[in-house]
Amino acid sequence: MKNFTYLLFALLSIATYAQNGSVSGTLTDKEFNNEPLSFANILIKGTTTGTTSDMDGSYTFSDLKPGTYNIEFSFVGYETQTIPATVEAGKNTEINVAMGASAATLDEVVLETVTTKRESETALLLEQKKAVEIKQIIGAEELSRKGVSDAAGAVAKISGVSKQEGSSNVYVRGLGDRYLNTTMNGLSLPSNDVNKKNIDLNLFSSDVIQNVSISKAYASQFYGDFAAGNVDITSKEHKGGSFVEAFSGTGFNTNAIDKNFVRSEGTGYFGYYGRGEHNPFAIVLSHGVDAVAVDTPINVAYGASGGSSFNFENGSRLSFFLTGGFENNYEYRKGKSVDFSTVEKKAFEASEEFEYSTTTTAMANVNYKINSDNSISFNSVFINSSSDEVGYFGIDGQGRNRDAILNTDKGFYQQNIQFDQTKMFVNQLIGNHKSGDYELDWGFGYNKVFSDQPDRKRFSVENYDYALDNDPTTNPTFYSNVVFDNQRYFQKIEDDEYNGRVNLAYNVNDNLKFNFGYNGRHKTRQFNNIRYGYDIIDGGYQIADVNNLNAIFNLDNLNLNTGDSGLYQIKVLKPYPTLSNTNRPGLFENTYNGKLNVYAGYADAEIKAGDKWLFVPGVRLENFEQSIDYNVINLGNNGVDSKTSKETFILPSLNIKYSLSDDQNLRLSASKTVSTPEFKEIAPFVYEDVSTRIGGNPDVLGYSNVLNIDLKYEWFFSRSEIVSIGAFTKQIEDPINLVVVGDATGTQRYVRTGDKATVYGIEVELRKDILVDEDDNTNLSFGVNATYMKTNQDLYENIDGTFDLAFNKTEDQLQGASPFILNADVSYSPTFENYKPVANLVFSYFSDRIDALGSGDLGNIVEKSVPTLDFIWKNTINDNFEINLSAKNLLNPTIQYVREDQNQGDVLVVSANGKGVTDYKRGLNVGLQLKYKF
């Protein structure tokens, strides 16, 4: 009887349960193209029963008794919706809800969460999980937490990525600037530097960045010139209510704070040069050469952001976002400057550089949401970036120069005073339209770049040790082996680029989607430079004060060939046909004009096979044309020429994703791409720094085939945690490397060095929460990612061409490849009522890598490993006010480049990719920032 009672009770329970029903569905975000809305609140009104949507926007209420319920859907900054649901016994009621921003609370500051949804680490992990290709994303929220101030610093926090110390060069999987592409909102960006293919990512401050992604696996919508990856910067836009935010900050560099700082004459505090339209010869005659003193070297930063939205009765919305800011930085470096090939050519054991840099950023975004299916946005970005460097080389009087006239063992000294300014304008018009099963996404852009190095001043002195001996009867003299040992130099680059993209997506059904697209770009570059040399008439003229050269190089001392009273004459290398080359303006010394046209169509399919498999086969047909006309002095009669390359590429790709579970993916990617040279790699113009020379090579014109294979496992085991491991390999035909050509000058040039290069590597990443509070908010967490790589390339025994060279080895590692890269951070973020501090330790490291290959008997130039540790402390006092502190470069490592030499071992040298000195410390950067939201 007892057992029968239990059985009857169980049967009644099962029957009762079977008569209950359920409610489920998916929440989508109308503000972001109807993508899943994660972590929204869903509540059955009148009860305590509630849940939240998962990472896919899904929710479920099970075991509900039959009847009618009112279900409330809410998300901060979005309009709350209450929808009745009728539950029937044994059935599921499906309710899908599209959530949109609330119009009733537009003035509430809390609506900022709407605009930052695409910046949060959680949302970006979800996007990474759902992406059809292998990519990683870092958003504004994480950038702020880690104290990252620009896009270059952002990508350096991603696994497999490192940034070169002393420059903005970014390396992805051991492949440097020439193997990368940079886009903004999917539209290509130009370069701002004659020595780089990609734009300087330091120029994009975190104020204009919503997120930065790196796609390491190829997909057909990317340009075919793809080997390491594509860096895409998504600009900020505003979708919420009105807000205004302002910040101000200050700080100092421990090396610079106690120095008597100097910078170039004629440059402004905000990083502008006001004589850009003047004839260089007039500037040489009219303006002095000495550096000028500046005030106390304290860094400052300030700026403001604001946005507002206007909703209309028909459901459309117009949103505006504006941001602008300025920051500067003082840095002092003391080290060595050495030019060494097989023998020492110049060596300054004691040298110093004063650098004052600025960045001014302004961005405007206008977004017009016509309705839930149609939107148009316009982005306009202006960036002014400057670097003002004053270098003194051989300050101890012991500088050596094997070509010195008076003393080859000591007393050689050089000054180099240069200012670099880049002004960049980016304008983009972007649209998105949906109609039934079709979605059209398009964008058009126009970029303009002015990158100038106006009025670089360089002077060479012998017997500088006499300036330090306290003997007024002995003084230094000018070194004037050739006229241009003492010079003024002017360089201009102007880039124009038009680009566009169109993608039509067709959703056949839930398991099949097609993409048909086009993208293209038309880019031109104009480059010119000119030098004016000071021909010292009296070779024995004694310099009373090397810091007062204005007393020498002025009009009173100019020799006009009318007598012997003048101390110097001004010479130009290429005179006007009707003019002398003495004391007269001249023609440009080197010029080149480049043109690039890329037009491509592509198609791919997203094929779902059941609930587990996603296949994305694609193909791209790309027409590539590149031409360059150059006129350079260093090749004599061969220095005037034109080069053109025309190719058509068929580039297949396949991306496969297998969902092991709802939270785990296994990905495979295989593709064929190409690598093409940049203008500066082709034009044989040579740029001469104090201790380095770098130039292009017309023989590299053409392309390289690249085979890419990636395999990756990823597990998103919570909304903010991930573990992944990936393996990759690449094969590059006819790779291009920067090589130190074994000639008397030691010039570095770009060369196709062999038949094939291979890259193998493993990447791992882990983000883990250690402590969470009762609301599931993270209090203590850490993240780490590491990459181990092995590279190998074969080397030709001899290369005969415009520049002949030979290798005394048959293989080597690939230039720019670090065998090991590590990034790690620890974050502690407790909450004390209204006080919400966040403390972060951020660490990065890369191992030794080849900076330039050596040819002949020359050894490689190697960049030595650098560890970096930063501390960032954010203090949110209340909803409106923040006080943030930072201390960066805590380990203060020594920055070194060395020449490998069989006889002498490693010899410290200067890199053409780095600063003017080697074997130096950057010092600690300490900063304080105040931020207030109105």
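As the structure is a prediction and not an experimental result, all values here were calculated from the model.
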With Phe459 as partner, the option from Phe553, Tyr464, Tyr489, Phe412 fulfilling ring pair (Phe, Tyr, Trp, His ring centres under 6.0 Å) is Phe553
Just by distance, with hydrogens left out, do [X] and [Y] show a side-chain donor and acceptor under 3.5 Å apart?
X	Y	answer
Gln896	Thr918	no
Ser385	Thr422	no
Gln569	Asn559	yes

Determine, using ring centers only, whether Tyr541 and Tyr568 are less than 6.0 Å apart.
no
If we check side chain to side chain donor-acceptor pair (under 3.5 Å) with Ser387, which of these qualifies: Gln418, Gln421, Glu355, Glu331?
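The option that passes is Glu355.
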Would you mind reporting whether Thr894 and Asp919 have side-chain heavy atoms less than 4.5 Å apart?
yes
With under 30° as parallel and over 60° as perpendicular, where do the rings of Phe843 and Tyr845 fit, or are they tilted in between?
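Taking Tyr845 first and then Phe843, their aromatic rings lie parallel (interplane angle under 30°).
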Give the ring-plane orientation class for Tyr592 versus Phe679, where under 30° counts as parallel, over 60° as perpendicular and anything between as tilted.
tilted
Heavy-atom count around Phe281 CZ within 6.0 Å, excluding the residue itself: above 12?
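Enclosed.
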Under the salt bridge (Lys or Arg N to Asp or Glu O under 4.0 Å) definition, can you give me all pairs with a residue in residues 808-817, not counting sequence neighbours?
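The answer is Lys809-Asp812.
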Salt-bridge criterion met for Arg752 and Asp734 (N-O under 4.0 Å):
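No, no charged N to carboxylate O under 4.0 Å.
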Glu353 and its salt bridge (charged side-chain N to carboxylate O under 4.0 Å, His left out) partner, picked from Arg333, Arg263, Lys259:
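Single pass found, and it is Arg333.
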Which residues pass the side chain to side chain contact (heavy atoms under 4.5 Å, CB included) test with Phe340, sequence neighbours left out?
Val338, Glu344, Arg899, Asp901, Gln904, Val907, Val909
Going by salt bridge (charged side-chain N to carboxylate O under 4.0 Å, His left out), name the residues that satisfy it together with Lys334, two or more places apart in sequence or in a different chain.
none
